[in-house]
Amino acid sequence: MSNANNPPPLPRPPPVPGQNGPAYTGPGSPQDVPPLPGSFPIDPNTLPKPIRDELLAPDPLAIDTSATELKDGLNRCPKCGATDIRQKAGSDLLVCLYCRNEWHGARVEEEFGLGAGIDQLRGRVIASGARDIAADTASLMSFKCTGCGAEVTINTASQMTARCHWCRHVFGVNEQVPNGAVPDALLPFHIKKDDAVARIRQFVDKRRLFALKAFKEEFTPENVIGVYLPYMIVDGNVSADIAGHAEIETRSYTRGSGNNKTTYYDADVYQVARHVEFTVDDLPLESSTERGNLDTRANTNNIINTILPFDTKNAVKWNASYLAGFTSEKRNQDVVHLQPRLEDQLLSIARAQVQGSMQPYNRGVRWEQERLDVHGTRWVSMYLPVWLYSYQQPGGKGSLLHYIAVNGRTGETMGSVPVQQWKLILAALTVGTVIEGIALMIIGSTL
Amino acid sequence: MSDDGGGVLFLLLAGPAAATGLYWGLYRHYRNTDKSHAFERETTVEAKPITGSDQKIDEIKGTKASRIAGDNVREYRKRVQRIQGDSG
């Protein structure tokens, strides 16, 4: 996909209930802009020491993806882990200078020309994620887990059985389902298992006081599993128009005296419109229906969503040998299914972009209409590496699968730790009672 | 708080408010239900200069509200009426 020839426009997606709309707009899906890292609604210094210590403990450090160590684009040798890797002269092969291992490691960024010409994009360019299966991927097969029905891809060259990372069921080759999606590219794991275990431990240590007792007792971060999850990486060339009303305060004054003071405001009302043209580079979207469902009442997939983004610029062309020792999930969503979600995110980006130009309106802005024109998009399917620790919280209706996820490239860690409700309520009531007691003392002394 | 009664009520509410705030704060600290990919600030976006129009249409005198009704300038992800455009 190195050129930008316009393919014939694809038909509008048919409305598929539960797959197309509600999954990303439904209640509970993270429609709220996430808070800045480290923000907490109450000043931790006002809280009792054990709680304060937990809140102020350091978070696992995430590597800045702009770090030079990742910028070089050289991935570790899958055989020995060394980074002393050179291109083998006259071929597309990479050779490890330490163990002489040779393999295909072409960066898709240059291979497909993905970094350039986003502002020239027209129409919809789709990389051939389903290209002819090359010899080195023939050993790759998808299996349907008999335990939970999930689909897990394994490299049969190195293993004939696999463990499902959803339900930990072990299953064999005879339960094969036809293989569908082989991605265009993947990002090899950069964070090692020991590192991931340490980060998960650090993350949970910051959340022990009110954690579910059973969770703490069964906590074994060594059971973390490396998973390649399917994503669509999208470049876009779009423009957006937003219109609404905004107000500027011209005067504020107080009327009344004593305890009957009321503040009044005068304001100028403006009709405002904004137009912004922009390109986005490498926006990741979950291309599996289950992972794309971010309903926080029913699952904890928002945890895996939070550890985005990845340094997708360093992705290498698909090669099954990278999957040795790891499991993966299969893509089951096509471009047409993901288009509404992309447009939703592009509109959000447009709204964020124009916010800076609304500074003079100190009484706020009420946006009422928005319009998006997508001039061109480019879609590449990619496997991205995630270390996943899971804990199934028991209990009929309250049963929930909690994830702690570590970004396999940057080490960004996020997780959901089940809460011991009675402990948390007791602590809240205790603090509330103490504060109420102080309040009553103040009231008593003034009467 | 227009009178002493209001002030007392405010103080009486301090306990329940602190309890609720602490509960939700800690719950989110553990469960992280409010977190998601902050794509607005974590994606590489190259925007051309923003254009637009600002037209004064009215004046308000003596309102008690300190902000415009329905302020959504920071709620990027809450969709408003969509005017149909081109989809690439």
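Below, chain A is the first sequence line, B the second, and so on; all start at residue 1. Computed from a predicted structure; not experimentally measured.
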If you count heavy-atom pairs under 4.5 Å between each of [options] and chain B, which one has the most?
options                                : value
A/Leu347, A/Val280, A/Ile307           : A/Leu347
A/Val276, A/Leu283, A/Thr306           : A/Thr306
A/Ala246, A/Ala240, A/Ala267, A/Gly236 : A/Ala267
A/Ala439, A/Gly432, A/Gly256, A/Gly437 : A/Gly432
A/Ile435, A/Val272, A/Ile349, A/Leu308 : A/Leu308
A/Gln271, A/Arg351, A/Glu54            : A/Arg351

For a quick check under 3.5 Å, do [X] and [Y] share a side-chain donor-acceptor pair by atom type?
X        : Y        : value
A/His375 : A/Asn237 : no
A/Arg363 : A/Thr250 : no
A/Tyr361 : B/Asp54  : yes
A/Asp282 : A/Thr312 : yes

message = Which atoms of B/Ala69 are under 4.5 Å from chain A, going by heavy atoms: the side chain, the backbone, both sets, or neither?
response =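 B/Ala69 touches chain A through backbone and side-chain heavy atoms alike.
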
Heavy-atom proximity to chain B below 4.5 Å, by part of [X]:
X        : answer
A/Ala350 : neither
A/Leu209 : both
A/Ala211 : both
A/Ile303 : side chain
A/Val431 : side chain
A/His245 : both
A/Glu368 : backbone
A/Thr262 : side chain
A/Asn362 : backbone
A/Leu285 : neither
A/Ile438 : neither
A/Leu47  : side chain
A/Thr300 : side chain

Name the member of [options] that forms the most heavy-atom pairs with chain A at distances under 4.5 Å.
options                            : value
B/Ala47, B/Ala18, B/Pro49          : B/Ala47
B/Gly15, B/Pro16, B/Gly52, B/Ala14 : B/Gly15
B/Gly25, B/Ser53, B/Gly70          : B/Ser53
B/Ile68, B/Ile83, B/Asp71          : B/Ile68
B/Thr43, B/Ile57, B/Thr20          : B/Ile57
B/Glu75, B/Lys61, B/Gln55          : B/Gln55

inquiry  = Is it the case that the side chain of A/Lys206 and the backbone of A/Leu55 share a donor-acceptor pair, with hydrogens and angles ignored and the cut-off at 3.5 Å?
reply    =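 Checking the backbone N and O of A/Leu55 against the side chain of A/Lys206, a donor-acceptor pair under 3.5 Å is found.
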
ask   = If you draw the axis of the six-membered ring of A/Phe203, does the NZ or CZ of A/Arg207 fall within 45° of it and under 6.0 Å from the ring centre?
value =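 Ring-cation test returns yes.
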
query = Is any side-chain heavy atom of A/Val419 less than 4.5 Å from a side-chain heavy atom of A/Leu212?
reply =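 Not in contact.
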
ask   = Considering only heavy atoms from C-beta outward, does the side chain of B/Arg31 approach that of A/Val417 to under 4.5 Å?
value =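 The answer is no; the side chains never approach within 4.5 Å.
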
key: Atom pair OG/CD of A/Ser348 and A/Glu343 - distance to nearest 0.5 Å   =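 Those atoms lie 12.0 Å apart.
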
query = Which is it for B/Glu40 and B/Arg77 under the salt bridge (charged side-chain N to carboxylate O under 4.0 Å, His left out) test, yes or no, and what are the steps along the way?
reply = CA-CA 10 Å; B/Glu40 295 96 341; B/Arg77 299 189 186 181; 2.7 Å; yes

request  = Mark yes when over 12 heavy atoms from residues, nucleotides or ligands other than B/Arg41 sit less than 6.0 Å from its CZ; otherwise mark no.
outcome  =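 It does: B/Arg41 CZ has more than 12 such atoms within range.
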
ask   = Taking all non-hydrogen atoms of both residues, which atom of B/Arg67 and which atom of B/Arg74 are closest, and how far apart?
value =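 For B/Arg67 versus B/Arg74, the nearest heavy atoms are NH2-NH1, 4.4 Å.
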
message = Using side-chain hydrogen bond (donor to acceptor under 3.5 Å, both in side chains), reason through A/Arg274 and A/Ser357 one step at a time and then give a plain yes or no.
response = CA-CA 9 Å; A/Arg274 289 290 180 273; A/Ser357 71; 2.9 Å; yes

task = Let me see the working for A/Gln355 and B/Tyr76 under side-chain hydrogen bond (donor to acceptor under 3.5 Å, both in side chains), right down to the final yes or no.
result = CA-CA 9 Å; A/Gln355 194 199 332; B/Tyr76 318 128; 2.4 Å; yes

A/Tyr253 and A/Tyr264 aromatic ring geometry - parallel, tilted or perpendicular at 30°/60° bounds =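 Parallel: the ring planes of A/Tyr264 and A/Tyr253 meet at under 30°.
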
